[in-house]
J.: 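Can you read through this structure? Questions will come right after.
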Amino acid sequence: MATPETARDPLDVDDLPMEPMVLKMGPSHPTMHGVIELTLRLDGETVRAADVEIGYLHRGFEKMGEVSTWNQVFAYADRLNYNSPMLNELGYAMAVEKLMGVDVPERAQFLRVIASEISRICDHLTCVGAGAMELGAFTAFLYAVKAREFLYELLEKISGHRLTVNYMRVGGVWLDMPDGWDGAVRQALTDAAGVMREFHKLVTRHRIFFDRMEGVGIISQEDALAWGFTGPCLRSTGIDYDIRKAHPYSCYDRFDFDIPVGDKGDNYDRYLIRLEEIEQSRRIIEQAFDRMPGGPVVSSDPRVALPEKGPVYNTIESMMNHFKLVYDGIRVPPGAVYSFSEAANGELGFYIVADGTGKPYRVRVRGPVFAIMQALPQMLIGGMIADIVPTFDGINMIAGELDR
Amino acid sequence: MIRVREKYGDRMTALESSYLTETLKGLSITLRHFLENTLTRKNTVTLNYPEEKKPYPERFRGLHRLMKRDDGQVRCVACMCCATVCPAHCIKIEAGEHDDHRIEKFPIEFSIDWLRCVYCGLCVDACPCDAIRMDTGEHPKPQIDRNGFLTTKIDLMKLGGPSVAVQGGVRPDNGEG
Amino acid sequence: MSQAILERLKERYEDGVVETATERGDDCAVLKREILVDVCRFLKDDADFAMNLFVDVTAVDWLDRRTPRFDVVFQLKSITKRHRVTLKVRVDDGDDAWVPSVTGVWRGADWFERELWDMFGVRVDGHPNLRRILMWDGFEGHPLRKDYPVAGRQPLVPLRKSEVHVFENNPVDPFVVGLGVVREKSDGDA
Amino acid sequence: MAKLTINGKDVEAAAGTNLVEAAKQVGVEIPVFCYHPKLSIAAQCRMCLVEVEKMPKLVPACQTPVAEGMVVKTDSERVKTAQAGVMEFLLLNHPVDCPICDQAGECALQDYYMVYDLTGSRSTVGKVHKPKVQDIGGGVVLDSERCVMCSRCVRYFDEITGDAQMGFFNRGDRVEVSIFPDSPLHGEYCGNVVDLCPVGALTWKDFRFKCRVWFLEKAASVCPGCARGCNVTVEHNEGKVFRLKPRDNEAVNQCWMCDEGRASYKFVNEGRLLDPVVREEKKGVTTETLSSQRSEERKAYVKKEEAKAGSREPHTRKAVVVTWERALAVAAEQLVKVVATKGGAAIGVVLSPQATLEDNRAVVRFAADHLGVTAFYMGGRLDGEGDAFLRLADKNPNRAGVLAALEMGAVARGLAARTADDVVADVESGKLSALIVMGNNLPVSPDARARLVSAAARLDAVIVMASNRSELVDAATVALPSATFAEKEGTFVNAMGMHQKLRRGIALVGRALPETQIVQKLAAKMGFDFRPAREASAASPATAAPGAH
């Protein structure tokens with residue numbers, strides 16, 4: 001890493017005055033994972049100051065939530081962190097269920113965890129793959145995308161869509177897994193693991209990659225905490241904080257998995273953590289399939305879940321129940337809760353307020369990346385302009401959950 | 001807790017930092033893939049689109065269709081459940097009185113704006129008559145202008161087929177009197 | 001554990017704590033605005049509580065339903081102690097719509113407080129850089145207020161020719177920024 | 001007064017109060033189908049069964065008067081079982097009709113099911129079927145299958161209108177509510193049975209299938225149909241009014257409304273004058289230029305005009321849709337000319353008892369103070385039928401308001417409203433050379449109206465502020481679109497002298513404006529300093545009390 005001291009020779013300055021330069025990077029620079037704008041003040045190639053301007057992808061999620069029914073919000077929640085829609089849905093569903101006090105059936109919990117972990121793997125694959133590509137390893141990126149493709153197909157099989165899944169509902173999930181899905185998941189995970197081994201061989205120990213990741217974008221433990229880091233970025237500084245372990249939710253307490261942590265808080269740590277978390281997610285999924293209980297996949301509470309179609313077509317009782325849920329929505333009792341879960345980038349929090357009607361009074365999303373992005377200038381300053389790319393990737397900014 | 005640096009290695013070994021071994025290792029992987037893909041296509045994951053197409057899975061939510069009654073009339077009774085539940089407000093229905101008293105109500109017009117639709121499938125969940133489905137397995141085709149995506153009842157019914165579900169208003173025991 | 005926080009706060013601040021409640025497992029203390037920063041500093045520094053992670057701040061607009069109008073809601077968490085607490089401050093509309101900044105306690109509150117201002121028009125007193133964050137400069141109104149219409153329209157913004165960019169983390173030298181690369185405005189030679 | 005407890009809450013109620021009403025006082029809802037406060041007690045739906053201490057059986061709350069020391073439970077297991085049982089019976093033969101039933105969304109069965117039942121069907125046999133979609137007259141459609149036999153409609157005709165028109169027929173599960181053979185519903189108050197029906201057995205033909213009720217937004221308003229001023233809610237969606245429903249007001253209409261009133265919203269949606277129109281002295285047909293009409297309305301209008309053009313000679317004045325700016329400039333110019341040459345006495349102002357008190361007052365003050373007008377006439381609609389119950393012969397909701405507005409504007413000037421027939425006479429005699437008309441038409445005979453229209457062609461200015469198209473609008477030199485009662489805030493003063501507030505429902509249709517604003521703009525155009533909203537009465541509900549003006 002180029003430190004300010006080595007970046008320029010004081011002797012040169014005398015006869016060649018350095019000219020500070022302001023560079024606008026973005027709002028749609030190719031390496032910007034979403035639309036944001038960096039304003040950099042450069043001293044040669046060294047970043048002296050940086051500002052982040054966000055909000056380009058603000059779609060008014062919270063405002064839309066206030067005019068949607070509780071179940072309609074899932075369609076918007078999908079589009080927060082669009083790399084891992086299942087994790088957003090899980091976070092939102094848990095918040096509503098916490099406020100309502102609904103019990104979610106076992107099998108639905110397991111399906112949620114499996115779907116979420118597949119989403120987490122997808123997210124990490126995108127992050128490490130894109131990171132490799134931005135450092136020039138295009139082949140490696142294609143391998144990661146290939147592995148992700150196997151998983152997207154699984155999501156498509158269970159939910160109907162790859163990205164805009166809309167799979168979860170308050171009180172459970174949309175449908176049980178299709179026949180043979182578990183076998184397909186195990187197969188796909190094995191295939192993906194094979195691809196990832198190759199990916200690993202291609203980049204992890206390659207010196208070009210190593211040199212550009214190692215020691216770049218360092219953040220200390222204290223700083224990370226002060227800025228409100230969570231997720232892989234916090235763990236890269238050596239803190240083993242993972243909400244799945246610290247505050248187990250859904251059925252995570254039943255699975256055996258490890259939390260990877262780094263030492264230095266640099267990009268290489270973040271890369272390795274993501275690589276390792278893919279492995280751990282695989283472990284969770286395999287255990288979940290081994291212990292998958294039977295039973296329904298959505299709550300049997302008629303105030304929460306739509307009744308089955310057969311009775312709806314044929315009996316007035318279910319028909320009325322169906323109608324009330326459709327036009328009135330789920331009636332969530334008045335109150336407010338904050339519910340949080342471990343999304344791919346850290347703590348995804350939902351603070352929801354209900355006023356007893358079928359629509360949320362307020363839906364607040366605390367996206368993990370929002371807190372992390374504020375520290376980006378600190379992680380960039382002092383580094384080279386080329387270091388922006390791996391650091392930015394290591395944060396894994398997703399404009400969807402940053403701007404909401 | 002796993003310390004990733006312990007597991008994956010912290011520093012470059014002398015061999016690794018020579019570029020050579022790692023580059024050769026990488027090249028061997030890509031070369032193997034290159035040969036495999038050109039000679040056998042056994043492990044190739046790409047398709048020669050559009051000659052080869054991958055079928056959508058069974059649950060894929062594609063274009064909507066309106067199901068029909070046994071006599072070919074539209075199944076929908078314009079109850080507006082789908083229009084109510086749609087988060088994108090893309091369904092517009094105009095209800096009217098049907099001549100047949102056993103049907104009573106039917107949609108004079110039923111249009112979906114496929115550009116506004118987010119393909120969430122809530123309308124299918126919300127339909128109490130098995131009238132709207134998204135199981136065509138097709139995605140919207142490109143159109144020259146926006147109006148091309150505004151689909152009417154006729155188009156939606158063309159995609160539709162007979163429904164096997166027994167519907168509320170008309171039950172097997174629904175004789176006269 | 002977090003029940004203990006509420007007890008401790010009540011004991012320590014007496015009248016400053018307006019009320020405490022535990023709702024569906026969430027422990028919440030409603031504070032008077034004056035003691036907010038003090039409470040935050042105490043919760044962060046106290047070894048028993050060690051609220052080292054600032055999670056979130058947002059507001060709820062109770063237009064026409066309650067007075068004061070806004071609940072400003074803080075979520076705090078301790079990573080070491082694995083517990084958390086919700087703090088609320090009630091502020092009213094107009095001149096009263098302000099809270100003190102807690103950026104002095106947790107730096108990470110910075111953007112969250114800017115968002116609070118941007119979305120609700122609740123000013124954050126003592127914030128180092130209180131600008132809009134998700135909306136653009138020149139946006140009229142505060143979108144998450146209940147009286148802002150869902151389909152609200154905004155006037156067009158005039159095309160910006162160039163502007164002086166003041167770096168937040170290095171505000172000494174302003175620079176003129178336009179399209180692409182623009183040189184320093186000041187006549188200095190750096 | 002009797003003291004009792006309901007669900008552990010102390011209640012104090014007057015002797016004779018029944019338990020349903022007593023429970024309401026403490027916010028306890030007892031479900032009812034057959035009970036209605038304005039009807040006699042039937043106690044036949046059994047939905048309101050409650051447990052009273054020391055009574056061996058559950059008792060119907062609607063039929064049980066309060067007594068000192070009573071201990072009532074409405075949420076005990078026994079009561080819940082009874083409620084669920086009643087629901088199960090009621091639903092046993094209920095058709096699976098929610099998708100096609102207009103009541104869905106405001107149906108007592110649906111609402112109660114979610115609270116008091118929530119169990120699936122246990123029936124293994126088919127349902128009993130009865131005739132559906134029967135047009136029983138009076139604008140009411142009956143579906144016998146959906147009926148829960150609460151007899152509210154039967155009792156309504158027995159007790160409120162006094163002409164028994166409905167009854168129960170057959171026995172057991174074949175029982176049906178219906179009209180008597182060959183005697184369809186008649187009378188002017190049939191719509192109330194639709195409101196009374198707790199389920200979808202009786203639906204209102206005019207509203208059927210037009211809009212789902214859960215889409216409707218509601219605004220408290222006053223019926224514009226007659227001088228009674230029945231309190232109503234304007235139910236609207238996306239800028240269209242779909243129905244008027246009565247609102248409780250013991251002093252005016254209790255909870256009833258006449259059928260004529262129910263239909264009195266129609267002019268809000270149909271045949272509206274959408275843009276300011278200026279008529280110029282040119283040969284040509286009026287139709288082509290009215291371009292901004294809604295397409296279907298425009299087609300109908302063109303058709304009508306073409307027919308007219310075939311039978312009569314084309315209008316000599318050409319109508320042009322113009323901007324507000326232009327229309328007001330033309331109106332101002334014409335008025336200024338008349339005032340300058342002939343004085344204010346040559347201008348006649350027709351006030352509208354269809355418009356609000358505020359609008360009339362603004363027009364009176366503008367005309368009297370700034371133009372020097374002394375001739376004010378009462379516009380509105382011709383008298384119609386009245387009866388002893390609600391309907392009054394005066395079909396204008398605000399006649400008293402016009403008089404009040406004149407009185408206020410007439411301080412020390414002795415203004416009075418003359419009849420609309422005087423307008424025709426004064427125009428024909430040449431006493432007036434300009435007219436300012438509020439409202440769509442004049443309450444005169446068709447013959448007199450035709451005379452006025454032909455005489456109006458000779459006038460220097462005919463400025464009409466109207467919400468709908470009419471002959472008078474077609475004869476105007478300047479037609480300004482005004483807002484209807486559903487689009488503005490204001491006050492109606494009914495025949496009893498009660499000031500009643502209107503709340504705004506839909507957004508302004510087309511480019512229409514409330515008359516107050518039109519006059520304000522017109523005055524500004526003419527260079528007057530005119531502020532009609534001095535009292536700002538529309539702003540705060542505190543001024544809604546009678547006598548506040």
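In what follows, every chain begins at residue 1, and chains take the letters A, B, ... in the order their sequences are listed. Just so we're clear, the structure is a prediction, and the values are computed from it rather than from any experiment.
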J.: Where on A/Thr230 is there a heavy atom nearer than 4.5 Å to chain C: the side chain, the backbone, both, or neither?
T.: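 Just its side chain gets close to chain C.
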J.: At a heavy-atom separation under 4.5 Å, does A/Tyr351 approach chain C through its side chain, its backbone, both, or neither?
T.: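 The side chain, not the backbone.
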J.: Considering only heavy atoms, which portion of A/Ile36 lies under 4.5 Å from any heavy atom of chain C: side chain, backbone, both, or neither?
T.: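 When you check distances to chain C, no heavy atom of A/Ile36 falls under 4.5 Å.
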J.: Of the listed residues (C/Leu53, C/Thr80, C/Thr86), which shares the most heavy-atom pairs with chain A below a 4.5 Å separation?
T.: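 Among the listed options, the one with the most contacts to chain A is C/Leu53.
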J.: At a 4.5 Å cut-off on heavy atoms, which part of A/Val337 comes close to chain C: side chain, backbone, both, or neither?
T.: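 Contact with chain C involves both backbone and side-chain atoms of A/Val337.
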J.: Indicate, with yes or no, if the rings of A/Tyr361 and C/Trp62 have centres closer together than 6.0 Å.
T.: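 Judged by ring-centre distance (under 6.0 Å), A/Tyr361 and C/Trp62 do meet the cut-off.
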J.: Salt bridge check: are A/Asp242 and A/Arg244 linked by an N-O gap of less than 4.0 Å?
T.: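 Yes, A/Asp242 and A/Arg244 are salt-bridged.
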J.: Please flag which part of A/Gln374 lies under 4.5 Å from any non-hydrogen atom of chain C: side chain, backbone, both or neither.
T.: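 Both backbone and side chain of A/Gln374 come within 4.5 Å of chain C.
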J.: Would you mind telling me which of A/Arg362, A/Glu347, A/Glu62, A/Arg404 has the largest number of heavy-atom pairs within less than 4.5 Å of chain C?
T.: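 Ranked by heavy-atom pairs under 4.5 Å with chain C, first place is A/Arg362.
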J.: What part of A/Phe340 gets within 4.5 angstrom of chain C, counting heavy atoms only: side chain, backbone, both, or neither?
T.: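 Just the side chain, heavy atoms under 4.5 Å.
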J.: Identify whether the distance between the nearest side-chain nitrogen and carboxylate oxygen of A/Arg366 and C/Asp56 falls below 4.0 Å.
T.: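 C/Asp56 and A/Arg366: not salt-bridged.
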J.: Does some side-chain heavy atom of C/Val17 sit less than 4.5 Å from a side-chain heavy atom of C/Val30?
T.: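 They are not in side-chain contact.
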J.: Select one option (side chain, backbone, both, neither) describing which atoms of A/Ile372 are under 4.5 Å from chain C's heavy atoms.
T.: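 No part of it gets close to chain C.
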J.: With chain A as the partner, which of C/Pro143, C/Ala109, C/Cys28 has the greatest number of non-hydrogen pairs under 4.5 Å?
T.: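 Result: the option with the highest number of such pairs is C/Pro143.
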J.: May I ask you to name which of C/Val73, C/Val55, C/Asn52 has the most heavy-atom pairs under 4.5 Å with chain A?
T.: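 Highest number of pairs under 4.5 Å: C/Val55.
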J.: Do C/Glu115 and C/Arg132 sit within salt-bridge range, that is, some charged N less than 4.0 Å from a carboxylate O?
T.: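 Answer for the salt bridge query: no.
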J.: Under a 4.0 Å N-O cut-off, is there an ion pair linking C/Arg69 with C/Asp93?
T.: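 Judged by the 4.0 Å cut-off on N to carboxylate O distance, C/Arg69 and C/Asp93 do form a salt bridge.
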J.: Which bit of A/Leu57 is near chain C, if near means a heavy-atom gap under 4.5 Å: side chain, backbone, both or neither?
T.: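 Contact with chain C involves no heavy atom of A/Leu57 at all.
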J.: Between C/Lys146 and C/Asp61 (salt bridge meaning N to carboxylate O under 4.0 Å), is one present in this structure?
T.: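 No, no charged N to carboxylate O under 4.0 Å.
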J.: Show your reasoning for whether side-chain hydrogen bond (donor to acceptor under 3.5 Å, both in side chains) applies to A/Glu37 and A/Tyr56.
T.: CA-CA 9 Å; A/Glu37 180 184 339; A/Tyr56 292 93; 2.4 Å; yes
J.: Report the option among A/Ala336, A/Gly60, A/Gly228 that has the most heavy-atom pairs separated by less than 4.5 Å from atoms of chain C.
T.: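 The candidate making the most pairs under 4.5 Å is A/Ala336.
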J.: Between C/Asp46 and C/Lys81, is there a side-chain N and carboxylate O pair less than 4.0 Å apart?
T.: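 No salt bridge links C/Asp46 with C/Lys81.
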J.: Say you draw a straight line from CD1 of A/Ile54 to CG of A/Leu38; how long is it, rounded to the nearest 0.5 Å?
T.: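 Between A/Ile54 CD1 and A/Leu38 CG, I get 11.5 Å after rounding to 0.5 Å.
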J.: With a 4.5 angstrom heavy-atom cut-off, which part of C/Arg65 approaches chain A: side chain, backbone, both or neither?
T.: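 Contact with chain A is through the side chain of C/Arg65 alone.
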J.: Can you tell which part of C/Lys77 gets under 4.5 Å to a heavy atom of chain A, answering side chain, backbone, both or neither?
T.: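 Just the side chain, heavy atoms under 4.5 Å.
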